[in-house]
Amino acid sequence: MADSREKILGRLRTARRPFGDVRQAERYLPMVPVAQSSPAELRSRFIEEAEKLSCVIHEATGQEDAYKHLFDILGDDRRVASWDQSSLPLGNFNETLQRRGIQISRPDDPDVRVGITGVDALLASTGSLVLSSGKGRYRTPSLLPLVHIAVVREAQILPNLETWVAHRRAAGLDKMRSSSNIIIISGPSRTADIAMELVRGMHGPRELHIILLSA
Amino acid sequence: MNIQSNNFPTAARKAINDPDLQSAVAFGTNLGFQKRKLAMYADGFEHGEAMRQQSAGAKRRALHKLPDLLEQAEANMQKNGMTVLWAEDADEANRLMLDIARRHHVKLVAKSKSMATEETGLNHALEANGIEVLETDLGEYIVQLGQETPSHIVVPIVHKTKAAIRDLLVSKARMPPTDDTGKMTEFARDLLRQKFLQADMGVSGGNFVIAETGSLCLVSNEGNARMVTTLPKVHVALVGIEKIVETMEDYASLTQVLPRSATGQTMTVYTHIINGPRRPTESDGPEHLYVIFLDNGRSRVYATEYAEALACIRCGACLNGCPVYQVTGGHAYGWVYPGPIGAVITPLLKGLENASPLPHASSLCGTCKQVCPVDIDIPRMLLDLRKDLAERKLDGGQWWLGLRVWSWVNSSPLRFALAGRLSSFAMRTFSMKKLPGPLKGWTAHRTIPSFARKSFRQVWMEREKKLR
């Protein structure tokens with residue numbers, strides 16, 4: 001097989017390289033020219049785009065309000081899957097849930113209806129959530145349950161994917177690579193494979209709730 | 001997958017006479033075509049065109065540097081903890097997959113959608129060796145149930161009506177009968193969910209590989225690609241060598257033109273950047289991650305004037321715009337990749353002698369080039385393939401001979417005029433609607449316009465005489 005590697009690369013190297021005249025772009029045009037830059041404009045754009053994707057936005061004025069929304073969504077559930085509290089923008093998460101009689105189960109518990117995560121960033125132009133895996137930031141709570149709740153802060157809203165990439169580059173790409181899995185989530189799971197009819201909720205969550213903290 | 005592209009004329013005729021296929025494909029492709037237009041040009045025509053050019057530049061620059069970027073990607077992937085393997089052809093790719101499966105005592109493989117694995121016939125290779133394979137993309141799962149092949153790069157069962165899908169699920173998967181798409185989907189979700197949790201190995205394709213970071217990037221909507229690349233202990237990705245891009249910025253453009261061109265979405269529900277197996281601080285994700293770079297004829301195409309075909313990002317927009325595909329559907333093309341891009345890469349990867357009708361399966365309307373997010377000049381390549389076909393006399397020399405006669409007649413004003421007079425006379429005198437003898441193939445599916453009594457040259461010459 002090392003032989004195959006040499007053969008493949010050999011054929012590519014002996015060929016006359018095509019497209020020698022194509023230069024690197026000096027400036028990259030973003031796919032969505034997000035002219036808005038004020039935090040208020042980005043916030044309303046994010047909400048608009050996320051709602052287009054059938055996300056449910058819960059605007060929270062503070063921690064107490066956020067917990068109120070959280071428990072509303074949880075309803076009568078007594079178990080959840082969740083990121084570790086150190087990665088959530090909610091104070092005293094473990095204690096608060098315990099007092100409520102809600103058990104934080106294994107992150108990949110297949111019988112849990114609701115999964116709770118934070119996010120790394122939000123993309124206003126497409127209503128997207130960026131989540132990177134890491135210590136206490138499990139992949140499964142945003143994947144296995146029927147309902148995914150993302151608790152986020154307004155300050156995490158970025159204009160678009162290109163801005164996020166620029167930030168990753170500025171912070172050093174090695175840091176980005178240290179997470180094994182970065183997932184950009186835009187809405188609940190869906191399919192249109194059956195006669196092009198859009199159905200929400202395929203293998204991933206059917207509902208995506210975003211609790212948006214103002215600070 | 002076995003190639004049957006030489007059967008295109010017969011298969012196409014069969015498709016044309018299938019009313020269910022006709023209505024399903026027409027509906028699906030038209031919807032896709034309209035959605036693409038709205039999404040690509042949401043911020044104006046100039047902006048959409050500028051993004052196409054930017055994406056086209058990104059892919060071509062990557063192709064120019066391909067061997068260097070492959071080595072860079074390999075080095076970065078290895079640093080990330082991935083194992084990188086190279087497969088010259090389909091057989092080798094399958095052998096490598098089998099080796100990995102055996103090494104990890106794999107009994108059940110869960111697959112997300114991958115055209116490259118269709119190309120190599122992975123499922124058959126694994127099953128022949130006693131390993132169960134489950135397609136988890138809803139469309140591909142239904143294809144597997146029906147023991148068929150996908151007919152579209154993006155929407156595998158675009159050719160099937162809802163009734164046909166329902167019947168298949170009822171008879172093969174024991175679904176309680178229902179016409180409600182939501183209920184059908186829920187049934188499939190529950191059934192497949194159990195299998196996801198049991199799979200020992202996940203297999204995916206790869207939409208992009210970012211050379212500068214060694215990242216494997218996927219786009220998906222259902223969540224099955226996330227399952228398949230998260231739950232099993234082993235994840236193997238089969239990726240064509242042409243999927244490499246240079247930078248994160250290139251990737252950001254391409255991962256946004258792809259969904260717009262394919263389904264009219266601004267982002268797919270899940271956009272994955274996979275940087276390796278689980279880290280020591282992480283408690284989910286695969287323990288082993290393998291990436292197989294697949295050649296299977298691509299490096300040979302790289303050296304030809306058809307290298308541009310390797311820029312394809314598999315969005316399916318050309319299929320949705322093509323007047324031929326809209327009528328024949330994908331199966332008629334006889335191999336993995338249908339539509340305009342399929343008509344080009346099938347002969348290139350499998351040999352023109354195995355796909356000789358395909359370069360002619362086009363009216364050269366040019367829609368494919370217009371809708372392609374990376375601006376591939378498919379019509380140019382179809383014409384070049386036709387030339388190759390004629391020069392190699394793969395059709396028994398008819399085109400070669402016919403074109404020589406044609407150019408001989410038309411390269412002299414006298415012969416051209418005489419031929420015109422003769423044809424005009426013959427067609428009008430004998431009321432011919434079809435050409436005779438060896439030329440009858442040309443008019444079998446074309447309508448001959450009626451000849452005027454006087455040719456343009458005659459009218460012009462008479463006019464000149466009068467004016468003098």
Side-chain angles (χ1 to χ4, degrees), chain A residues 1 4-5 7-9 11-20 22 24-25 28-29 31-33 107-108 110 125-126 128 133-135 138-140 143 161-162 165 168-169 173 176-197 199 201-204, chain B residues 27-28 31 43 47 50-51 54 57 60-61 63-64 66-67 80 85-88 92 138-139 155 157 161-162 165 181-182 184-185 189 197 213 221-224 226-227 230 248-249 252-253 256 266-267 269-279 281-285 295 299 302-303 307:
Chain A
M1 191 228 52
S4 297
R5 179 185 186 278
K7 287 209 200 109
I8 295 169
L9 286 172
R11 276 193 293 269
L12 294 174
R13 291 200 189 286
T14 49
R16 190 171 59 85
R17 309 275 197 104
F19 309 119
V22 177
Q24 188 100 25
Y28 275 85
L29 212 58
M31 181 76 231
V32 184
D108 60 350
S125 60
T126 51
S128 308
S133 62
K135 184 160 157 50
Y138 315 102
R139 304 185 191 194
T140 43
L143 173 60
L161 182 62
E162 288 84 354
V165 166
R168 299 284 72 68
R169 190 176 285 288
L173 289 176
M176 185 219 53
R177 286 161 71 180
S178 68
S179 166
S180 70
N181 185 268
I182 297 171
I183 189 83
I184 304 171
I185 299 177
S186 309
S189 69
R190 58 155 69 182
T191 183
D193 271 342
I194 298 180
M196 313 301 285
E197 252 182 72
V199 176
M202 188 58 233
H203 297 293
Chain B
F27 177 66
L31 192 64
D43 288 292
H47 180 73
M51 288 311 299
Q54 184 164 287
R60 280 164 181 72
R61 210 180 338 105
L63 285 172
H64 179 68
L66 189 58
N80 289 348
L85 304 168
W86 300 69
E88 267 219 281
E92 187 171 10
L138 179 63
V155 198
I157 48 175
T161 58
K162 183 152 66 148
I165 296 165
T181 315
M184 286 195 235
T185 308
R189 176 198 168 103
L197 299 172
T213 56
N221 281 308
E222 296 185 6
N224 63 321
R226 285 192 68 193
M227 302 276 198
T230 289
M248 297 266 319
E249 287 77 9
S253 289
Q256 294 186 86
T266 55
M267 291 282 271
V269 178
Y270 304 112
T271 300
H272 319 220
I273 302 172
I274 295 172
N275 289 325
R278 70 164 76 170
R279 303 288 180 234
T281 50
E282 297 173 3
S283 56
D284 51 20
D295 184 346
S299 59
Y302 185 74

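Naming convention: chains lettered A, B, ... in sequence-line order (proteins, then strands); numbering from 1 in each chain.
Ranked by heavy-atom pairs shorter than 4.5 Å toward chain B, the options Ser189(A), Ala15(A), Gly201(A) are led by Ser189(A). The candidate with the highest count of non-hydrogen atom pairs below 4.5 Å against chain A, out of Thr161(B), Ile274(B), Val155(B), Asn80(B), is Asn80(B). Taking Gly139(B), Pro67(B), Ala303(B) one by one and counting their heavy-atom pairs under 4.5 Å with chain A, the maximum is reached by Pro67(B). Heavy-atom pairs under 4.5 Å with chain A were tallied for Ile165(B), Thr230(B), Thr266(B); the largest tally goes to Thr230(B). Taking His272(B), Lys162(B), Arg279(B) one by one and counting their heavy-atom pairs under 4.5 Å with chain A, the maximum is reached by Arg279(B). For the set Lys135(A), Met176(A), Gln24(A), the entry with the most heavy-atom pairs within less than 4.5 Å of chain B is Gln24(A). Per-residue counts of heavy-atom pairs under 4.5 Å with chain B were compared for Val165(A), Val32(A), Asp108(A), Thr14(A); the largest is that of Val165(A). Put simply, of Thr126(A), Asn181(A), Ile183(A), the one with the most heavy-atom pairs under 4.5 Å next to chain B is Ile183(A). For the options Ser133(A), Ala195(A), Ala192(A), Gly187(A), heavy-atom pairs under 4.5 Å to chain B are most numerous at Ser133(A). Interface remark: of the candidates Arg226(B), Met267(B), Met184(B), Met248(B), Arg226(B) forms the most heavy-atom pairs closer than 4.5 Å to chain A. The residue among Ala50(B), Gly276(B), Gly28(B) with the most heavy atom pairs within less than 4.5 Å of chain A is Gly276(B).
With a threshold of 4.5 angstrom between heavy atoms, Tyr270(B) approaches chain A through its backbone and through its side chain. For chain B, the nearby part of Val199(A) is the side chain; its heavy atoms alone come within less than 4.5 Å. With a 4.5 angstrom heavy-atom cutoff, Glu249(B) touches chain A via backbone and side-chain atoms both. Heavy atoms closer than 4.5 Å to chain A are found in the side chain of Leu31(B), but not in its backbone. Only the side chain of Leu173(A) comes within contact range of chain B, with at least one heavy atom under 4.5 Å from a heavy atom of that chain. Using a 4.5 Å cut-off between heavy atoms, Asn224(B) contacts chain A through both its backbone and its side chain. Contacts between Ser178(A) and chain B at a heavy-atom distance below 4.5 Å involve the backbone alone (N, CA, C, O). The part of Ser128(A) that comes within reach of chain B is its side chain, from C-beta onward, which places non-hydrogen atoms under 4.5 angstrom from that chain. If you measure heavy-atom distances from Arg168(A) to chain B, you find no contacts under 4.5 Å at all. The part of Pro188(A) that comes within reach of chain B is its backbone (N, CA, C, O), which places non-hydrogen atoms under 4.5 angstrom from that chain.
At least one donor-acceptor pair closer than 3.5 Å links the side chain of Glu222(B) to the backbone N or O of Leu138(B). Of the possible donor and acceptor atoms, none in the side chain of Asn221(B) sits under 3.5 Å from a partner among the backbone N and O of Arg190(A). Within the 3.5 Å criterion, the main-chain N or O of Arg139(A) finds a donor-acceptor partner in the side chain of Asp284(B). With Glu282(B) contributing its side chain and Arg278(B) its backbone, the two residues share no donor-acceptor pair below 3.5 Å. Of the possible donor and acceptor atoms, none in the side chain of His203(A) sits under 3.5 Å from a partner among the backbone N and O of Leu143(A). Side-chain atoms of Arg177(A) come within 3.5 Å of backbone N or O of Thr213(B) as a donor-acceptor pair.
When all heavy atoms of Ile8(A) and Ser299(B) are compared, the pair lying nearest together is O-CB, 4.3 Å. Considering every non-hydrogen atom in both Pro110(A) and Leu197(B), the closest pair reads CB-CD1, 4.1 Å. In plain terms, the two heavy atoms of His64(B) and Pro18(A) that are nearest each other are ND1-O, 2.8 Å. Between Asp193(A) and Ile157(B), the shortest heavy-atom contact is O-CG1, 3.3 Å.
Ion pair Arg11(A)/Asp295(B) flagged as a salt bridge, since at least one NZ, NE, NH1 or NH2 atom sits closer than 4.0 Å to an Asp/Glu carboxylate oxygen.
Within the 4.5 Å cutoff, no side-chain heavy atoms of Gln54(B) are placed close to those of Met31(A).
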Inset, instruction - Check the pair Phe27(B) / Met196(A) against side-chain contact (heavy atoms from CB on, under 4.5 Å), numbers first and verdict last. - result: CA-CA 8 Å; Phe27(B) 177 66; Met196(A) 313 301 285; 3.9 Å; yes

